[in-house]
Amino acid sequence: MAGTHAKFPEVVFLRRTDGTGYGFFYYSEVDFLHAADSFSTPILRSFVGEPVPGQPEPQAHLKTAIATFIGQAFDKAIPREVGAEGVSRAVAASVRATFGTKVPRVVVLEHKDGRLNIRPGIEFMRHPGHPLAVIVDADAHGGDARFFASADDFAKIGQTPANARCWLPQIVYRLYARTPSVVAGKPVVDQASGKTSVAFRGVSFGIKAPLQERASA
């Protein structure tokens, strides 16, 4: 198996207990650090100058800000104007604060026993033949995701009618017989016709796990 740690995470998941959440891609160490800094720097900058009596330590305040923001993401309370891209920055800051310079290639944020649990997502580097996560790759670093505990779970969602909240897994189920554990679909708008299509890619982490199309009926 390919190495499980690097200087930045390739994918970070925020997974809710209802199977929804986010999936974020970071494309280089520079990209990851920029995302983390874009969240952290404005908060830490507010502490520049003479200390104020009773003011919390900067890093403690940053930790609280990260936890608060990520809590809102779990509660589906992120303002529309902040969106998934804003969450991707808080997530990057959280992952950096947790792991430092040796980061798992895949990281999962989840609630466990009422607490935030940040752990390596080693299960996503194994490929059972169906997606464990399908990501709407609509923003700079990814977007909304749907998670599947088993092939039956994926098939159940894949065979339900699509709706505004869940539509990408149904397309993946219809098009592909086998997939890597992570599938991303990027909405693409044709400038001439105005029609929207989806460009798919599988994320295999260097392991052989191709997208295999279903045979035509």
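- In this structure, OG1 on Thr17 lies 9.5 Å from NE2 on His111, to the nearest 0.5 angstrom.
- Side-chain atoms of Thr41 never come within 3.5 Å of backbone atoms of Ser38 as a donor-acceptor pair (strictly under, hydrogens ignored).
- Between Arg201 and Asp137, at least one side-chain nitrogen of the basic residue sits less than 4.0 Å from a carboxylate oxygen of the acidic one, meeting the salt-bridge criterion.
- For the pair Ile43 and Ala65, the tightest heavy-atom approach, listed with the atom from each and the gap, is CD1-CB, 3.6 Å.
- When side chains are defined from C-beta on, Arg105 counts as touching Met125, because their heavy atoms get closer than 4.5 Å.
- Contact of the Val198 side chain with the Val188 side chain is not registered, since no non-hydrogen atoms from C-beta on lie closer than 4.5 Å.
- Closest approach of Ile66 and Ser94 over heavy atoms only: CG2-CB, 3.5 Å.
- For the atom pair Ile118 CD1 and Thr98 OG1, the distance stands at 3.5 Å (nearest 0.5 Å).
- The side chain to side chain contact (heavy atoms under 4.5 Å, CB included) search around Pro79 returns Glu81, Val82, not counting sequence neighbours.
- Here the two rings, on His141 and Phe25, have centers that are 6.0 Å apart or farther.
- Separating the CD1 atom in Ile70 from the OH atom in Tyr22 is a distance of 11.5 Å, to the nearest 0.5 Å.
- Transitive grouping of hydrophobic side chains (ILVMFWY, heavy atoms separated by less than 4.5 Å) brings Leu175 and Leu168 into a common cluster.
- The main-chain N or O of Ala73 is found under 3.5 Å from a side-chain atom of Arg16 such that the two form a donor-acceptor pair.
- A salt bridge links Glu110 with Arg119: at least one charged nitrogen is closer than 4.0 Å to a carboxylate oxygen.
- Defined by atom type and a distance below 3.5 Å, a donor-acceptor pair is missing between the side-chain atoms of Asp31 and Ser28.
- Ring planes of Tyr26 and Phe32: perpendicular class, angle over 60° (limits at 30 and 60°).
- Inter-residue side-chain proximity for Phe148 and Pro169 is flagged as met; some heavy-atom pair is nearer than 4.5 Å.
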Carefully, step by step, assess Leu116 and Leu109 under the rule side-chain contact (heavy atoms from CB on, under 4.5 Å). CA-CA 7 Å; Leu116 176 63; Leu109 283 70; 4.2 Å; yes
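- Evaluation of the salt bridge (charged side-chain N to carboxylate O under 4.0 Å, His left out) rule for Arg89 yields Glu85 as partners, not counting sequence neighbours.
- Of the possible polar contacts, one joining the Ser40 side chain to the Ala36 backbone as a donor-acceptor pair under 3.5 Å is found.
- Note on Phe147: it does not cluster hydrophobically with Ile157, by side-chain heavy-atom contacts below 4.5 Å among ILVMFWY residues.
- Taking OG1 of Thr101 as the start and CD of Glu29 as the end, the distance is 8.5 Å to the nearest 0.5 Å.
- Using a 4.5 Å cut-off on side-chain heavy atoms (C-beta onward), Ile135 and Val183 make no contact.
- For His127 (side chain) and Ser181 (main-chain N/O), a donor-acceptor pair under 3.5 Å exists by modelled atom type.
- Formation of a donor-acceptor pair under 3.5 Å by the Asn163 side chain with backbone atoms of Arg165 is found in this model.
- Looking at Val103 and Val95, their side chains come closer than 4.5 Å, going by heavy atoms from C-beta outward.
- Shown here is His5, whose NE2 atom has more than 12 heavy atoms of other residues, nucleotides or ligands within 6.0 Å.
- The nearest pair of heavy atoms linking Asp37 to Arg96 is OD1-NH2, 2.8 Å.
- When the side chains of ILVMFWY residues are joined at heavy-atom separations under 4.5 Å, either directly or via intervening members, Leu44 and Val91 end up in a single hydrophobic cluster.
- No side-chain donor-acceptor contact under 3.5 Å links Asp153 and His130.
- The minimum heavy-atom distance between Pro180 and Ala209, with the atom names listed, is CG-O, 2.8 Å.
- Taking every heavy atom of both residues into account, Phe24 and Ser88 meet most closely at CD2-CB, 3.4 Å.
- Residues satisfying the salt bridge (charged side-chain N to carboxylate O under 4.0 Å, His left out) test with Lys76, not counting sequence neighbours, are Asp18.
- A distance-only check finds a donor-acceptor pair linking the side chain of Thr64 to the backbone of Ala60 [under 3.5 Å].
- Heavy-atom minimum distance, Pro187 versus Trp167: CG-CH2, 4.3 Å.
- Between the CD atom of Glu213 and the OH atom of Tyr176 there is a distance of 5.5 Å, given to the nearest 0.5 Å.
- Note on ring orientation: taking the six-membered ring where Trp is involved, the planes of Phe69 and Phe39 are perpendicular (angle over 60°, cut-offs 30° and 60°).
- Asp144 contributes atom CG, which lies 8.0 Å from atom OG1 of Thr20 (distance to the nearest 0.5 angstrom).
- Less than 6.0 angstrom separates the ring centroid of Tyr173 from the ring centroid of Phe154.
- Taking the centre of each ring, Phe13 and Phe124 come in below the 6.0 Å mark.
- Cluster annotation: Val182 and Tyr27 are assigned to the same hydrophobic cluster (Ile/Leu/Val/Met/Phe/Trp/Tyr, side-chain heavy-atom contacts under 4.5 Å, transitive).
- The backbone N or O of Ala192 sits less than 3.5 Å from a side-chain atom of Asp190, completing a donor-acceptor pair.
- Leu132 and Ile171 are not part of a single hydrophobic cluster, where members link through side-chain heavy atoms under 4.5 Å apart.
- Looking at heavy atoms from C-beta onward, Val11 lies in side-chain contact with Phe205 at the 4.5 angstrom threshold.
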